[in-house]
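Let me begin by presenting the structure, written as structure tokens, before commenting on it.
Every heavy atom of this structure was used, including side-chain atoms; hydrogens, water molecules and symmetry mates were not. Fair warning: this is a prediction, and the values are worked out from it, not measured in the lab.
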Amino acid sequence: MTAADLKKNDYDLTPEKYALNEAAARTDDGRQGIETLLRELARLGERSARVDMVMDQMIGRAQILEPPVQELPPGWQEVRLADISELTAGPSARASDDGSVGVVRPRNLVGGRITGSFDRIDEGTAGKLETHRLAEGDILCTRTGVVGRHALVTSAHKGWMCGTGLIRIRPRQGIDPKYLSDYLNSPSVLDWLTRHSAGSVLPSINTRVLGTLPVVLPPAEAQGGDRPCPSSLGRQDHDA
């Protein structure tokens, strides 16, 4: 307090007057400080969002640049999943109470098998989605939620429909579906799928990205017989 402050208040020496004024001044300063802090946090949040977007774009461009697996056995090779299979995303189709064609959904992939209660669609709808029918030897994998879950299609579900939320992997001629299914279950592949999934709250992967998955492929004659476990082929040098 200064002499000028006392003169301004007619030399009133009541302590409460000055104590309250100083408290009010401190409160105003505190409010201004909080508002400044909130504005700065908002600015940093916007900057962080822009950085995340740029990083996603960089990761997307780098996904096809991963180094190859080292020291493969003679006759083995590394290929991209899209080079040895056809990848198709499941369409959206409304279930029908009196439908006769089964539809496999992500919830039906349990422990590498297709099981549980199934939705069904009518033949008319199924006819319009003929290219999404399942064939024995197809592999279904989830593309939203818990990525990495997959199952091999057997004769029991031949002619059924690949539902939304799934990607159908159809191995090309000369590729053993059982080998490819086992390969997708290896820890290194599950790690790759986790790292290449987009979204933190609800991870997802699309056919383009999944098609870049590196696949360690033995000769055709070895795919169905005795062979080393795919996860034991030294993929520690394969991380991006």
Side-chain angles (χ1 to χ4, degrees), residues 55-56 59-60 62-69 78-92 103-119 132 134-154 156-157 160-172 175-218 223 227-240:
M55 287 298 296
D56 287 343
I59 290 172
Q63 284 169 346
I64 61 172
L65 302 178
E66 296 190 9
V69 174
E78 181 183 278
V79 297
R80 301 294 182 181
L81 182 60
D83 296 333
I84 61 170
S85 63
E86 173 190 319
L87 285 77
T88 305
S92 177
V103 179
V104 181
R105 307 283 191 190
R107 68 172 185 269
N108 299 125
L109 306 189
V110 181
R113 298 173 57 247
I114 300 176
T115 186
S117 59
F118 300 95
D119 290 340
H132 299 277
L134 300 179
E136 186 174 359
D138 286 346
I139 301 170
L140 296 177
C141 66
T142 52
R143 63 186 174 106
T144 303
V146 183
V147 296
R149 290 165 49 197
H150 68 280
L152 184 64
V153 177
T154 67
H157 302 101
W160 285 33
M161 197 64 59
C162 173
T164 185
L166 295 176
I167 294 176
R168 185 190 67 192
I169 302 172
R170 177 162 290 175
R172 301 190 190 280
I175 305 300
D176 180 12
K178 182 65 167 60
Y179 171 79
L180 189 55
S181 178
D182 290 343
Y183 182 81
L184 292 174
N185 199 45
S186 65
S188 57
V189 171
L190 295 177
D191 175 69
W192 189 96
L193 292 172
T194 300
R195 290 187 290 110
H196 288 75
S197 298
S200 56
V201 177
L202 191 64
S204 63
I205 195 165
N206 57 36
T207 55
R208 181 187 63 81
V209 174
L210 184 59
T212 67
L213 170 70
V215 178
V216 179
L217 194 66
Q223 292 178 31
R227 57 182 183 267
C229 175
S231 61
S232 68
L233 293 174
R235 299 185 64 86
Q236 64 272 16
D237 296 327
H238 196 275
D239 290 342

All side-chain contact (heavy atoms from CB on, under 4.5 Å) counterparts of [X], not counting sequence neighbours:
| X | value |
| --- | --- |
| Thr194 | none |
| Ala156 | Thr154 |
| Asn185 | His150 |

Identify the two heavy atoms, one from [X] and one from [Y], that lie closest to each other, and give their separation to 0.1 Å.
| X | Y | answer |
| --- | --- | --- |
| Asp83 | Arg172 | O-NE, 3.5 Å |
| Val147 | Thr142 | CA-OG1, 3.5 Å |
| Leu87 | Thr207 | CD2-O, 3.8 Å |
| Leu202 | Gly145 | CD1-CA, 3.8 Å |
| Pro177 | Gly137 | CB-O, 3.3 Å |
| Ser181 | Leu152 | OG-CB, 4.2 Å |

Next item on the list: Begin from the C-alpha positions of Ile114 and Leu109 and carry the test side-chain contact (heavy atoms from CB on, under 4.5 Å) through to its verdict.
Entry: CA-CA 5 Å; Ile114 300 176; Leu109 306 189; 4.1 Å; yes
Checklist line | For Arg149, all residues meeting salt bridge (Lys or Arg N to Asp or Glu O under 4.0 Å), sequence neighbours excluded | finding: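 With neighbours one apart ignored, the set is empty.
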Next item on the list: Please name all residues satisfying salt bridge (Lys or Arg N to Asp or Glu O under 4.0 Å) with Glu136, sequence neighbours left out, ordered by chain then number.
Entry: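 With neighbours one apart ignored, the set is empty.
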Next item on the list: Report yes or no: does Gln223 contribute a side-chain atom to a donor-acceptor pair with the main-chain N or O of Asp176 at less than 3.5 Å?
Entry: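 Indeed, once roles are kept as given, a pair shorter than 3.5 Å links the two residues.
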Return the [atom1] to [atom2] distance between [X] and [Y], rounded to the nearest 0.5 Å.
| X | Y | atom1 | atom2 | result |
| --- | --- | --- | --- | --- |
| His132 | Asp138 | NE2 | CG | 12.5 Å |
| Glu78 | Leu217 | CD | CG | 10.5 Å |
| His196 | Asn206 | NE2 | CG | 11.5 Å |
| Arg170 | Leu140 | CZ | CG | 10.0 Å |

Is any side-chain heavy atom of [X] closer than 4.5 Å to a side-chain heavy atom of [Y]?
| X | Y | result |
| --- | --- | --- |
| Leu81 | Leu180 | yes |
| Leu134 | Arg168 | yes |
| Leu210 | Cys141 | yes |
| Thr212 | Trp192 | yes |

Check: So Val215 and Ile175, side-chain contact (heavy atoms from CB on, under 4.5 Å) or not? Walk me through it.
Finding: CA-CA 11 Å; Val215 178; Ile175 305 300; over 6 Å; no
Notebook entry, point to check: Where does the angle between the aromatic ring planes of Phe118 and Trp160 fall among parallel (under 30°), tilted (30 to 60°) and perpendicular (over 60°)?
Noted result: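 If you compare the ring of Phe118 with that of Trp160, the planes turn out perpendicular.
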Item checked: Of all pairs that satisfy side chain to side chain donor-acceptor pair (under 3.5 Å), the ones with a partner from residues 104-116, not counting sequence neighbours ->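 Pairs touching residues 104-116 that pass the test: Arg105-Asp119, Arg107-Asp119.
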